[in-house]
Amino acid sequence: MSPIPFEHGLIVAGILFCLGIVGVLTRRNIVFVLMSLEVMLNACGLAFIVGAARWGNADGQVMFLMILTLAAAEVAVGLGLIIQIYRRFHTVDINVLSQMKG
Amino acid sequence: MTMTMTWSDLIPLLPILLSTGTVVIAMLMIGIRRHYALTAAITIIGLITAAIAALVLMPDTNSQITPLLIIDKFSLFFSFVVCIAGLFIAILSFPYLYTLGDHREEFFLLIGLATIGGLVMVSSNHFVSLLLGLETMSMALYGMIAYPLHCRDVSKYPLEAAVKYLVLSAAASAIMLFGMALLYGHTGTLAFSSLSENSAGLAVASGSWLSTVGVLFLLSGIAFKLSLAPFHLWTPDVYEGAPLPATAYLATVGKAAMFVALVRFIEITDALSIASVLSVVGLLAMASMLIGNLLALLQNNLKRILAYSSIAHMGYLLIALIASYFVEGSLSIEAVSFYLLAYVIMTLGAFGVASVVSSSQKEFDVIHDYRGLFWRQPWLAAIFTAMLLSLAGIPLTVGFIGKFYVFFAGVESGLWVLLGTLVLGSGIGLYYYLRIVFRMLMPIKEQVAYKEAGIESLTSYGVLAILFLLLVVLGVYPAPVMTLLESAASLMG
Amino acid sequence: MTILFYLASAIAIISTLCVILQTNIVHALIYLILSLLAVAVIFYVLGAPFAAVLEAIVYAGAIMVLFLFVIMMLNMGQHTRDQEKSWLSARGWIAPGVMAGLLLVQLLSVFAQIDQDLSGQRIDVMAVSGLLFGPYVLAVELASILLLAGLVSAYHLAKK
Amino acid sequence: MLDLIWLLPTFPLLGFLILVLSSGQLSKKVVALVGAGSIGLSFLVAALIAVEFLNSGAEFYSMTAWTWMSVGQFTPGFTFYLDGLSLVMMLIITGVGFLIHLYSTGFMIDDPSYSRFFSYMNLFVASMLMLVLADNLVLLYLGWEGVGLCSYLLIGFWYDNPANGAAARKAFVVTRVGDTSMALGLFLLFAQLGTLNIQDLMGAAEANWTSGSGVAVAAALLLLGGAVGKSAQLPLQTWLPDAMAGPTPISALIHAATMVTAGVYLIARTHILFELAPTVQLLVAWIGLATLLMAGFTAMTQHDIKRILAYSTISQIGYMFLGLGVGAWSASVFHLMTHAFFKALLFLGAGTVILSLHHEHDIFKMGGKRKQLPVAFYSFLIGSLALAAFPFTSGFFSKDEILLGALALEGPGTWLWLGGVVGAFFTGIYSFRLVFVVFFGESQAHHDDKEVAGWNMAGPLFILMVLSLLGGFIHIPVESVFNHGEAHEEHHVSGLIHGIMIAVPLLGILVAYLFYGGRQLSADKLMANPLAAALHKFWFSHWGMDALYNTLFVRPFVYLAKLNRLDIIDQCYGLVVTLSRAGHGLLAKLQNGMLGWYAASLIFGLVLLMTLGVLL
Amino acid sequence: MIIVLLISILFFGGVLAWLAEIIDPRLPRLVALLAVILDFLVMLTLLGADADGAWLVSFTADWIARFGITIYFAVDGLSLLLILLTAFLGVIAVGSAWTEITERTGFFYFNLLWTLAGVVGVFTALDLFLFFFFWEVMLIPMYFIIAIWGHENKQYAAMKFFIFTQVSGLLMLIAILVMAYLHYSQFGAFSFRYEDLLNVETSGALGYWLMLGFFVGFATKLPSVPFHSWLPDAHSQAPTAGSVILAGILLKTGAYGLIRFTVPLFPEAAMEFAPIAMTLAAISIVYCAKVAFGQDDLKRLIAYTSVSHMGFVTLGVFAWNEQALQGAIMTMLAHGLSAAALFMLAGGLQHRIHTRSMAAMGGFWAQVPRMSVVALFFSIAALGMPGLGNFVGEFLALLGAFQANITLTTISALGLVLASVYSLWVIQKVFHGAFTGDSDQQGQLLDLDRREMCYFILMMLGLIWMGLYPQSFLALSEPVLDGLLSSSSELFAALGRG
């Protein structure tokens with residue numbers, strides 16, 4: 001088995017990260033935005049695992065665990081907020097949230 | 001380096017442990033029986049003990065607790081600041097939330113949790129603890145920002161603010177994490193100290209593109225949290241939409257803890273020795289000073305003004321941080337520390353004044369609301385004026401000494417362009433601070449119906465008085481604090 | 001194994017692409033789960049079986065189910081597809097695409113300069129848990145506080 | 001006795017203080033007593049001092065009251081310096097001054113601001129005495145400015161009429177131009193010679209500077225600037241005719257007898273300096289000549305009784321300058337004195353005319369007043385004779401000396417003399433034109449009041465008449481002042497020259513008679529000629545000088561001041577404000593509240609940082 | 001210690017005045033008056049003080065050891081003159097506010113006294129940090145005075161005043177800090193003390209920039225073209241007492257700074273810069289005189305004349321010889337009185353006819369003869385009439401400047417002519433001519449009352465004293481100037497300037 005180059009792992013993470021960004025920027029449905037955020041966070045986790053694989057230490061995996069925790073908490077709070085938005089505005093369009101400006 | 005915990009490690013962790021205990025007790029309390037005043041009291045007492053613990057530990061504690069946390073004079077000083085700020089905000093939020101038509105007790109839980117996050121951040125010298133501290137605080141802040149969202153009669157948009165903050169902050173965290181991942185990939189370690197020199201001989205400051213990009217990603221994320229231009233757009237909306245105590249918390253502890261962590265990261269890893277990072281930070285500073293001040297110029301909403309001005313203040317702070325790269329010695333770190341302290345005092349004061357006249361139903365956050373305050377409540381107006389003048393950096397106030405420090409650090413390092421921008425920015429800044437002062441001096445035409453100050457507000461006035469005293473005392477006789485900071489900062493130099 | 005890596009990577013990327021392009025939210029969620037599973041495979045290939053399992057269980061399992069809950073709760077079925085379509089104009093893709101593309105190009109050009117192989121060393125549960133209960137014990141505690149904060153916030157926000 | 005010299009300016013100053021501090025509470029009698037009495041006392045002291053000084057035979061006497069300021073080498077004091085020149089001046093000022101004060105007690109009796117008038121007058125005399133008694137140029141400058149101030153105050157005495165105010169300001173500002181030049185002269189002298197004490201200065205100048213050296217020329221020129229301003233010579237003469245807006249005694253005292261001759265005094269005082277700068281000295285002569293001719297032409301065309309006298313004053317001071325320029329120092333001072341007598345007489349006479357005719361100034365609205373106003377008539381007759389240098393009147397001797405001095409000068413002397421003679425011809429014409437028009441011919445019906453002339457007005461007139469007639473026989477003791485500079489050898493002058501100098505003024509009087517006395521010639525017919533009419537108009541406007549200055553200086557200044565009322569520099573700062581506001585507007589637009597936009601900015605920032613990181 | 005006492009009296013007097021309002025709104029003015037008079041009397045005791053080294057009295061205490069900052073006050077003849085002027089005008093200012101300020105009197109006198117305290121601090125502080133501290137402290141109460149008791153456009157004026165002085169002050173702060181740092185790098189310790197900083201080597205380009213920092217700070221306060229444009233607004237909007245303090249004293253702090261700090265600290269740079277500074281001075285003199293003439297607002301006009309007159313100070317300072325410096329100092333003192341008086345008059349007029357527009361004035365002489373005489377007196381003082389203080393100052397300044405630069409002195413001397421143009425124009429427009437006010441005002445304008453006359457007569461006597469016997473003032477500043485000049489004379493000789 002030929003070893004996988006480190007940079008290839010990073011490239012995959014990078015691509016996923018950028019796709020997440022595109023998702024956050026383009027979607028108006030807040031659920032999609034949240035999902036794209038998960039993609040970004042996941043890409044970060046991947047990058048850590050890739051790093052861990054390069055150095056052969058477990059720190060990266062610990063970090064991945066923390067990201068996992070973070071992602072879970074964030075989704076919980078985020079989804080809570082989505083429910084409130086939907087209750088109040090009966091839509092999931094983030095553009096309704098633009099009453100403050102200037 | 002100690003790899004695992006021992007019992008003796010628990011002593012330095014006392015501030016964190018005490019606040020955690022506070023949160024747990026308060027939560028249990030709520031579980032048993034909801035009692036507003038009692039929950040508040042538990043939180044306040046807990047934070048006081050945590051602050052006292054930090055103070056007591058400060059003189060001679062210097063220990064690394066597992067790779068994650070470092071408890072030294074520097075972190076304890078800011079632990080103290082964080083606890084006190086949290087405490088003051090807890091006191092201020094008591095009357096503010098008094099009339100909220102919803103569960104009010106959780107707010108204190110959230111304050112406690114956020115404070116734990118802050119404590120972890122100021123003590124962290126490891127990516128894991130940094131991430132956890134930061135996100136703990138963010139989680140709590142999401143809750144605090146959106147806190148009154150169930151009430152139909154709130155005048156603000158807590159929901160909008162919370163969503164904006166959550167989405168953007170999560171994105172920024174992701175960017176930061178990606179940066180951390182790149183740095184980890186480059187060095188194979190997550191501890192700041194080994195990022196600079198590790199067994200593989202790869203340091204952050206090695207100048208390789210991977211580490212540069214990693215630092216830049218990390219910096220972008222931090223810049224967002226500190227709302228440096230051009231990452232500042234979220235700031236005014238979140239400040240405006242959030243209830244005043246939450247805004248105050250975000251503006252003070254949120255900024256200060258992040259900055260302390262940034263200082264530690266920069267100082268330990270020597271990241272500024274990467275030329276492009278140095279120039280990027282310089283540009284961030286300049287952009288923040290100019291854009292922040294310009295944005296505040298004609299703004300009529302007090303919270304937004306303070307949001308914009310915080311952008312500028314973070315820019316000022318960056319000058320001192322940059323200076324630390326150029327000159328040996330601890331002066332610029334002292335400058336950062338003192339300025340942060342000053343910034344916390346005066347920002348808390350300014351938000352505090354707004355919060356004592358406001359309630360969760362009706363916030364008075366348009367500067368016109370303060371018209372004639374000077375003749376209605378002279379002492380409140382005097383405190384407010386002092387806070388604003390301090391923000392503007394006028395002598396007799398702590399803000400002046402802070403600015404003096406920054407100037408001195410900049411001069412020492414010869415950062416003329418940045419200092420020039422600082423002067424320009426300060427000039428613009430005067431305008432909008434004085435605008436508010438002028439509003440207060442105007443004759444009273446129509447009475448603005450402020451919140452009736454009941455017995456529950458007494459402590460808030462006490463907090464304001466303490467802040468005012470601090471402002472003046474530190475502005476006139478800062479020597480003792482300077483001595484303290486000198487020894488604290490020397491650990492970083 | 002190497003082939004598996006590239007295969008899984010390709011699946012992850014393509015299905016993620018589908019997530020952000022999808023107008024049907026349930027389909028999107030399924031693509032996301034697919035992507036997460038593919039990443040789990042990558043983890044496994046890279047010698048992190050523990051992470052792979054967690055990715056599959058917690059991420060693709062628990063978190064995604066949360067999403068599903070909300071989608072069901074908000075009743076975002078077929079009728080929202082048209083709305084989604086109308087929200088996704090071609091023009092709206094340009095700026096994000098350009099920015100993300102630029103970022104990606106920069107990242108790739110940096111990554112291209114690295115010439116480093118992965119160790120391929122397997123890090124099993126023992127190693128990870130050794131760390132978690134050794135030097136990172138505080139991290140675990142702090143993570144619990146993080147979850148607590150999330151819990152309190154979510155509890156307060158999501159209630160009626 | 002000599003050490004009482006400080007009393008000279010002190011009496012008038014005390015008078016001034018009493019009048020000012022009483023702020024109009026005193027009765028007119030007391031005011032008159034204080035106002036005129038203080039000058040009288042001064043005159044008394046001056047006379048006593050003069051007697052003692054002349055008897056003592058000393059060349060000079062000086063006393064220091066106190067050191068004004070002492071800054072390094074610069075140590076001017078309040079020091080009084082008495083020599084022949086200042087003695088003459090002091091006597092003229094106190095003597096003629098007293099007469100005019102006395103006259104004023106009657107002339108101004110109906111004026112509500114009686115006390116204000118005398119307070120200004122007293123301050124003026126005090127300043128004037130300071131000027132002539134000063135031993136250093138700074139103190140002289142104090143007096144110099146003081147008299148200018150009083151001149152301003154008195155020209156604008158009737159402040160109700162804005163025209164008077166304008167005239168007063170014009171007088172002050174125009175002379176201030178000269179004064180500034182003089183101040184610069186002082187700076188130059190101090191910078192070069194390290195002192196401003198006049199005697200030391202002259203000694204040092206003689207010792208250090210060669211004749212015609214650049215510094216000497218510059219210093220003399222700058223002082224000359226001051227002199228022409230104060231003495232209303234070209235090119236700063238335009239203020240004097242307008243200055244006639246003040247009460248007539250003022251015109252007599254300030255704008256005829258004393259202040260306007262301060263320039264002559266200054267040049268005489270610093271004559272050594274001018275001798276060191278021969279070109280400047282010659283310039284003085286030419287200025288004098290040009291002024292006297294120009295003013296002579298103008299005087300012939302005026303209708304206003306006081307303006308005629310004013311131009312005549314300018315012209316006569318021109319003679320003095322001519323004298324100074326040719327080195328006839330004592331002749332100039334002599335003319336200064338005689339001019340003080342007869343011009344004071346003329347003005348006071350004019351004052352009587354004006355007062356009696358209810359402030360009528362136009363001579364063509366008078367006529368045949370010989371009988372009605374006898375005192376005025378004789379005043380004018382005698383004054384005009386002296387002015388026109390009718391033989392053996394005071395003016396004859398002094399003007400004669402000046403012209404002879406001019407003739408004595410090598411080179412341009414003849415031309416200067418010729419010009420002076422022509423000027424004398426004009427003098428004859430305009431002075432008697434006035435006499436014939438006002439006092440002869442047909443009486444105008446609407447003015448037929450009695451002459452207003454109490455003893456206090458008539459008395460001074462009589463004394464001045466005597467002085468005008470006989471003043472030529474007074475010997476002024478100035479030899480010791482000028483002895484080293486003046487040409488001592490008697491010039492032999494042919495009888496023809498003498499004849500011409502006697503005949504020309506008579507010729508002028510004859511011409512005046514032909515036109516205005518006997519009406520053998522008609523001015524109106526002359527005016528029918530377009531060229532003559534144009535010339536008349538041109539001369540009447542005093543050669544268009546006022547218009548010229550208006551166009552050159554006044555209007556552009558006023559225009560610029562109004563144009564830049566908002567201060568262009570301030571507006572530049574306004575630009576900064578505008579820019580800031582624009583910046584704010586632009587940046588605030590970015591805060592559009594859209595979450596997607598904010599997220600984009602976040603990513604944009606990241607990309608920007610990355611790009612910068614790569615570039616930098 | 002006596003200096004601390006001087007400042008404390010004013011500080012606590014201010015607090016007391018504020019509190020006194022609770023008892024009776026007319027009490028604060030009495031408290032203020034007493035405080036200022038007491039201060040003045042205490043200062044008089046300094047006149048007899050024996051010189052202790054270079055200083056008559058001095059006071060030192062630790063403050064911020066970290067930066068070598070001390071509380072260091074000292075008084076020499078120069079500062080003594082200026083603090084005497086401060087207290088004197090303080091009395092006048094209290095007097096001018098006596099009846100004009102009827103609202104919130106306590107706070108007003110509090111601000112007034114604190115401004116004075118700040119100014120006394122500026123004139124006596126010799127630790128540069130302390131100096132800067134007071135420099136800023138005096139601004140805030142002044143801001144309040146303008147912002148609360150000012151006229152129609154007070155916000156703009158107060159803001160402009162504050163921003164101009166602050167921004168320039170920050171530039172000065174940078175320069176001060178660099179000096180402290182240079183002291184550190186040359187002597188191994190931070191210091192802000194005046195004597196220490198005098199030893200700092202400041203040649204070269206850095207010195208030039210530092211000097212510019214100080215210059216901008218002081219020139220803005222002075223003010224000199226092109227930093228002057230805050231002054232007309234501040235003056236026209238400030239209440240009378242504010243204008244008195246502003247024109248009489250605050251402007252002098254700029255001049256004081258130039259003499260005390262800018263040139264002595266950076267002799268070489270200052271000499272290099274002198275032609276430019278003197279050019280700015282000449283432009284100030286002529287340009288602002290011209291602009292003054294174009295004004296319709298009486299207070300604006302006087303404000304521009306202030307700029308014009310302060311040009312003589314700049315000119316004198318940068319000519320840097322004994323006559324010029326004495327001239328500058330005398331101009332400061334005399335202008336302090338004459339400008340204050342003119343502003344009081346303008347304020348008095350505004351109080352009576354509720355406008356500052358000269359278009360609405362005219363022919364007031366017959367209505368208010370005493371006021372007219374007083375106005376006449378101070379106008380002619382302003383135009384430099386010998387025998388009054390302004391003349392001594394301007395004459396000496398020009399005399400000294402002439403030795404340094406003939407061309408610029410000549411241009412500046414034009415100011416003497418222009419001064420007469422605008423001064424007399426004011427007299428003509430306001431007091432002479434026919435009465436042009438509202439017809440119902442005729443005969444109703446109140447002339448100056450006895451109390452007001454008292455203040456004016458005091459100031460007149462002051463000006464006459466300065467004009468006729470300036471020696472009593474010159475003698476105080478002479479030893480100071482001798483010291484300054486002797487320390488720089490060698491250097492200038494080397495640079496080819498005497």
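Throughout, a chain's letter reflects where its sequence line sits, starting with A, and its residues are numbered from 1. Bear in mind that the values here come from a model prediction, so they are computed numbers and not experimental data.
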Part of [X] within contact of chain C (heavy atom distance under 4.5 Å):
X: Thr20(B); result: side chain
X: Leu141(B); result: neither
X: His126(B); result: side chain
X: Leu119(B); result: neither
X: His150(B); result: side chain
X: Leu210(B); result: both
X: Phe217(B); result: side chain
X: Met27(B); result: side chain
X: Leu182(B); result: side chain

Review point. Does the side chain of Pro243(B) reach to within under 4.5 Å of the side chain of Met144(B), using non-hydrogen atoms?
Key: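 Side chain of Pro243(B) against side chain of Met144(B), heavy atoms only: no contact under 4.5 Å found.
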Original post:
Is Arg34(B) paired with Glu106(B) through a side-chain N to carboxylate O contact shorter than 4.0 Å?
Top reply: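 Judged by the 4.0 Å cut-off on N to carboxylate O distance, Glu106(B) and Arg34(B) do form a salt bridge.
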With side-chain contact (heavy atoms from CB on, under 4.5 Å) as the test, would you mind laying out the steps for Thr16(C) and Tyr31(C) before giving the verdict? CA-CA 7 Å; Thr16(C) 308; Tyr31(C) 278 121; over 6 Å; no
- Between chain C and each of Ala114(B), Ala146(B), Ser129(B), Gly133(B), count heavy-atom pairs under 4.5 Å; write down the option with the most.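 The candidate making the most pairs under 4.5 Å is Ala146(B).
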Residue selection (most heavy-atom pairs with chain C, distance under 4.5 Å) from Val24(B), Val23(B), Leu110(B):
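When all of Val24(B), Val23(B), Leu110(B) are compared, Leu110(B) has the most.
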[X] versus chain B, heavy atoms under 4.5 Å apart: side chain, backbone, both or neither?
X: Leu103(C); answer: side chain
X: Leu147(C); answer: neither
X: Ile114(C); answer: side chain

Is it the case that over 12 heavy atoms from other parts of the model lie below 6.0 angstrom from the [atom1] atom of [X]?
X: Tyr44(C); atom1: OH; value: no
X: Tyr6(C); atom1: OH; value: yes
X: Lys159(C); atom1: NZ; value: yes
X: Ile3(C); atom1: CD1; value: no

ask   = Who among Ser153(C), Ala143(C), Gly150(C) has the most heavy-atom pairs with chain B under 4.5 Å?
value =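 Maximum pair count with chain B is reached by Ser153(C).
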Q: Ignoring hydrogens and angles, tell me if any N or O in the side chain of Gln64(B) forms a donor-acceptor pair with the backbone of Leu69(B) under 3.5 Å.
A: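 Checked: pair present.
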Next on the checklist: Let me confirm one number: the CG-CD1 distance from Leu88(C) to Ile20(C), rounded to the nearest 0.5 Å.
Outcome noted: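 Rounded to the nearest 0.5 Å, the CG-CD1 separation comes to 10.0 Å.
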According to the interplanar angle, ranging from 0 to 90°, do the rings of Phe107(B) and Tyr147(B) count as parallel (below 30°), tilted (30 to 60°) or perpendicular (above 60°)?
->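 If you compare the ring of Phe107(B) with that of Tyr147(B), the planes turn out perpendicular.
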